[in-house]
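Along the sequence shown, the residues carry numbers beginning at 1. Whatever order the structure lists ligands and atoms in, that order sets their numbers, starting from 1.
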Amino acid sequence: MRKTEFIDREGNAIDMIQAEFAMKIDDLVGDARRIAITGHTRPDGDCTGACLGLRRYLLDLDPSLTVDVYLEPVPAAYDMLEGFETVCLYTEGEYELCFVLDVSSRERLGKNATLLDHVSRVVCIDHHATSEGLGGQDFVVPEAAAACELLYDIMNKEHISLETAECLYLGIIHDTNVFKNSNTTRHTMEVAGALMAKGVNQTRIINDSFYVKTYLQNQLLGMALMKSLIFCDGRCIVSVISRKTMDFYQATHADLDGIVEQLRVTKGVECAIFLTELQFRQYKVSMRSNEAVDVSQVAAYFGGGGHVRAAGCTMEGSFYDVVNNLSEQIVKQLDEE
Ligand code: 5GP
Ligand code: MN
C-alpha cells in the first residue's frame with residue numbers, strides 16, 4: 001500500500017488519501033491509449049490549469065498517446081497555458097479513459113457530460129467537499145486547496161515539465177486567490193514552491209491571468225459595485241448583472257470574474273452574493289464568505305455546492321425571490337453564531 005503524505009497547517013504530517021486512492025497518475029493511466037480530460041461548466045483557473053496540466057504531463061510521459069481536453073469556452077486570460085488552443089467542446093469520439101477534474105457530478109459537466117457515455121473508464125480527481133463522486137474511481141480530497149494541488153501530489157515529480165508546472169501554478173493561485181484564502185495550507189505553499197523550482201514565472205502568471213482586467217471587465221465590476229445592496233446590518237451584500245446588460249455589452253461569464261471577490265472585501269461583510277441572470281427568472285448564484293457563514297451549505301441546500309468560503313448554485317425566480325431564499329439560509333447561520 002502506497003501512502004501519500006500531506007502536511008497540515010501546524011506542519012504535522014497527515015495521511016489524507018484513503019489507501020485505495022493512494023495511487024499515482026501513471027498507474028491510473030494503465031494501458032489506455034486514447035484519453036479524454038474534462039472539467040466543470042464555466043471553467044475557472046483551477047479547472048483549466050488541471051485539464052491542460054494533465055494533458056501536457058501525459059503527453060510528456062508518452063507522446064504517442066491521444067489526449068484531448070474538452071471544456072466549455074475557457075477565459076482568454078488563461079491563454080498563456082500550453083495547449084490552450086486545443087481545448088474544444090465534446091462532440092464525438094471514443095476513449096478508453098476519461099479524467100474528470102475539479103468536479104464530480106455529471107450535471108456540473110454541462111455539455112461535456114455525454115462524453116461519459118463514450119468511455120470505458122472514468123477517473124475523477126476533485127477537491128469539493130460537496131462532491132458526490134461519479135461512481136468510477138473517485139479521488140476526492142476536500143483538504144486540497146485546488147484540484148491542481150491534488151494533481152501535483154499524484155504526479156511523478158521528475159516528469160513535471162515547465163509547461164505542466166505553469167498550468168498547475170495557475171490553478172493554485174486562482175483557487176486560493178493568490179494564496180490568501182483560508183484553504184491555503186503549508187502544503188499548498190510547498191507545492192507552489194516546488195513548481196517555482198521548475199522555472200515558473202510567477203509574476204507573469206499572477207498578473208496576466210489574475211489581476212489584469214479588460215476594460216469591459218472593469219466596467220462591469222464598477223456597475224455591479226454601484227448597484228450592490230447591503231442587508232443584515234451590513235453583514236451581507238448582494239449585486240446582480242442582468243441578461244440585458246450582458247447582451248448589450250456582449251459579455252461572457254468570464255467577464256464577471258472577480259466581482260464577487262470584490263463584494264466580499266467590503267468592510268463589515270460576512271457573506272457576499274453575486275447573481276448573474278442566465279435567462280428570465282433564472283440566476284447563477286456565486287457566494288463568498290469571510291468567517292461566519294459556510295456558503296457550501298447554503299449552495300447545497302439549493303442544489304449546488306462548492307467550498308466553505310466559495311460556493312454556487314443556480315436558482316429560479318425573480319431577483320427578490322432568490323435573494324430572500326438565500327438570505328433566509330444565511331441568516332440562520334448568522335443567528336447560530
Ligand atoms: P464560483 O462562484 O466561482 O462560480 O464557484 C465557487 C465554487 O463553487 C467553485 O468551487 C465551484 O466549483 C462551485 N460551484 C459553483 N456553482 C456551482 C453549482 O451550481 N454546483 C456545484 N456543485 N458547485 C458549484
Ligand atoms: Mn477547484
Is the closest N or O pair between Asp102 and ligand 1 shorter than 3.5 Å?
no
In ligand 1, which numbered atoms sit nearer than 4.0 Å to a non-hydrogen atom of Arg288?
1 (P), 2 (O), 3 (O), 6 (C)
Ring centers of Tyr95, His118 separated by less than 6.0 Å:
no
Ser286 neighbourhood, listing ligand 1 atoms whose heavy-atom distance to it stays under 4.0 Å
1 (P), 2 (O), 4 (O)
Find all atoms of ligand 1 within a distance of less than 4.0 Å from any non-hydrogen atom belonging to Gly312, and give their numbers and elements.
8 (O), 14 (N), 15 (C), 16 (N), 17 (C), 18 (C), 19 (O), 20 (N), 24 (C)
Would you say the side-chain atoms of Ser64 and Arg33 include a donor-acceptor pair closer than 3.5 Å?
yes
In ligand 1, which numbered atoms sit nearer than 4.0 Å to a non-hydrogen atom of Gly305?
8 (O), 13 (C), 14 (N), 20 (N), 21 (C), 22 (N), 23 (N), 24 (C)
Note: ligand 1 atoms sitting under 4.0 Å from heavy atoms of Gly306 are 8 (O), 13 (C), 23 (N)
Is there an N/O/S atom in Asp46 at a distance below 2.8 Å from the Mn ion (ligand 2)?
yes
Are any of the N or O atoms of Asp44 closer than 3.5 Å to those of ligand 1?
no
Give, rounded to 10 degrees, the angle between OD1 (Asp102) and NE2 (His127) as seen from the Mn ion (ligand 2).
80°
Going by the atom numbers of ligand 1, which of them fall below 4.0 Å from some non-hydrogen atom of His128?
9 (C), 10 (O), 11 (C), 12 (O)
Quick check: His307 and ligand 1, any N/O pair under 3.5 Å apart?
yes
Mind checking whether the Mn ion (ligand 2) has an N, O or S of Asp175 under 2.8 Å?
yes
Within the 4.0 Å heavy-atom cut-off, what Arg42 brings close to ligand 1 is neither
